[in-house]
S.K.: 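Pasting a structure below so you can have a look.
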Amino acid sequence: MYLACDYWRKKGILDKCDVHYISGASVIFGVPEYAETLKKIVAKYKIKVHFGANVTAINGEAKSVTFETREHHDHVRLRFSSIGASCYGITEDEKDDTISNVTLNYDICHAVPPQSAPDFIKESPLRDQANPLGYVEINKNTMQHSRYPNVFALGDCTNAPCSKTGAAIRKQAPVVVENLLDLMNHNPITAEYTGYSACPIPTQYGKLMLAEFDYTNKPKMTFPFDQAKPRWSMWILKTKMLPWLYWNKILKGTA
């Protein structure tokens, strides 16, 4: 979204574009320091945000997306662009008058579907029974299953409350290896994963914000400068260095 807006800005047509960000989250980013930067980027590009929204339908033929929102109806109307007023419509949900169904017409729609564990996990005893998405139930620090001590899990399939990123898996893997070996050797399990994750967020062509944080939603910055500020150096890290690191080191387990 940010790169698209930057492209349209360079082409001189951003003021003719009506950009909406529809998210089930309650904020633009979970870590306040990074969220403040993204709020400014959203304002810069005049992006309309809709938080706490649940997308219920995407109609490819009609080029429309429908979502549920608890925003006040009049407030919703005011937040939408005046460009082409026919681009949206609002109908009240009969079951609950605090929920509105909002339909937007689009030219370009980038949709991210809900994520869940694969069926073979979701339908197994390993799943977290309290989680409808079927993730493996583990101790978020040791990565050991909460009910089956001989089972460990890592990555996108777990119910650990961390961002599901390659950076998270890179930190989880050594913990799983160490704890698994300790279990096999009848030693106490001591290695812990603290929820570290990293999200490289390009805010425009040539600038990127590298968000690093842990379970506490506190920044865990690797470099000796403020990573909440988008930088050219972080863009180079993402576009040049990280791909090489991924293919040549991370996949081999040497980084």
Side-chain angles (χ1 to χ4, degrees), residues 24-25 27 29-35 112-201 208-228 234 237-238 240-255:
V27 291
F29 202 84
V31 182
E33 289 83 352
Y34 302 125
V112 180
Q115 187 177 27
S116 72
D119 289 344
F120 76 90
I121 291 176
K122 190 184 297 184
E123 298 168 0
S124 79
L126 297 178
R127 67 166 291 174
D128 178 357
Q129 299 296 327
N131 189 320
L133 300 177
Y135 294 122
V136 180
E137 181 184 352
I138 64 167
N139 178 300
K140 68 177 184 178
N141 297 119
T142 65
M143 313 305 288
Q144 184 181 36
H145 199 282
S146 304
R147 291 175 283 112
Y148 302 100
N150 63 328
V151 174
F152 289 79
L154 73 164
D156 294 356
C157 69
T158 77
N159 69 344
C162 60
S163 294
K164 299 186 183 302
T165 66
I169 298 169
R170 178 172 169 263
K171 292 293 187 178
Q172 292 168 5
V175 172
V176 170
V177 170
E178 185 174 338
N179 285 340
L180 185 57
L181 290 174
D182 280 338
L183 181 71
M184 295 168 66
N185 292 320
H186 306 288
N187 295 324
I189 290 177
T190 57
E192 290 196 344
Y193 167 66
T194 60
Y196 171 84
S197 189
C199 298
I201 305 174
L208 181 138
M209 179 178 72
L210 180 60
E212 293 180 288
F213 48 94
D214 61 12
Y215 280 139
T216 66
N217 272 347
K218 298 289 177 62
K220 293 293 179 181
M221 300 182 184
T222 298
F223 299 95
F225 49 73
D226 183 7
Q227 291 177 208
M234 295 295 95
L237 175 72
K238 167 65 176 175
K240 306 298 182 186
M241 298 175 66
L242 289 184
W244 181 89
L245 185 68
Y246 177 81
W247 291 109
N248 294 281
K249 295 292 183 180
I250 294 177
L251 288 186
K252 298 176 181 179
T254 57

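Please read these numbers as outputs of a predicted model, since none were measured by experiment.
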S.K.: Mind checking the CG-CD1 spacing from L183 to I189? Nearest 0.5 Å is all I need.
M.R.: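 It comes to 5.0 Å.
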S.K.: Got a list of side-chain donor-acceptor pairs under 3.5 Å for residues 217-224, not counting sequence neighbours?
M.R.:
from: N217; atom 1: ND2; to: G30; atom 2: O; distance (Å): 3.4
from: T222; atom 1: OG1; to: E212; atom 2: OE1; distance (Å): 2.9
from: T222; atom 1: OG1; to: E212; atom 2: OE2; distance (Å): 2.7

S.K.: Could you tell me whether K238 atom NZ has more than 12 heavy atoms of other residues or ligands within 6.0 Å of it?
M.R.: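 Check fails, neighbour count at 12 or below.
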S.K.: Please round to the nearest 0.5 Å and tell me the distance separating atom CG of N179 and atom CD of Q172.
M.R.: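 Here the rounded value is 12.0 Å.
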S.K.: Tell me, do Y34 and C199 make a side-chain contact under 4.5 Å, heavy atoms counted?
M.R.: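 Side-chain contact under 4.5 Å: no.
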S.K.: Do you know which two heavy atoms are closest between S163 and S197, and how far apart they sit?
M.R.: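 Closest approach of S163 to S197, heavy atoms only: CB-OG, 3.3 Å.
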S.K.: Quick one: CD1 on I138 to OG1 on T158, what's the gap to the nearest 0.5 Å?
M.R.: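 The distance works out to 4.0 Å.
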S.K.: Run the side-chain donor-acceptor check on residues 244-255: report pairs under 3.5 Å with partners two or more places apart or on a different chain.
M.R.:
from: N248; atom 1: ND2; to: W244; atom 2: O; distance (Å): 2.9
from: T254; atom 1: OG1; to: K249; atom 2: O; distance (Å): 3.2

S.K.: Quick one: pull up CZ in R147 and CD in E137 and give me the separation to the nearest 0.5 Å.
M.R.: 4.5 Å
S.K.: Would you mind reporting whether Y193 and L154 have side-chain heavy atoms less than 4.5 Å apart?
M.R.: no
S.K.: How long is the gap from NZ on K122 to CG on L133, to the nearest 0.5 Å?
M.R.: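 These two atoms lie 7.0 Å from each other.
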S.K.: Going by heavy atoms in the side chains, are E178 and T190 under 4.5 Å from each other?
M.R.: yes
S.K.: Is any side-chain heavy atom of F29 less than 4.5 Å from a side-chain heavy atom of I201?
M.R.: yes
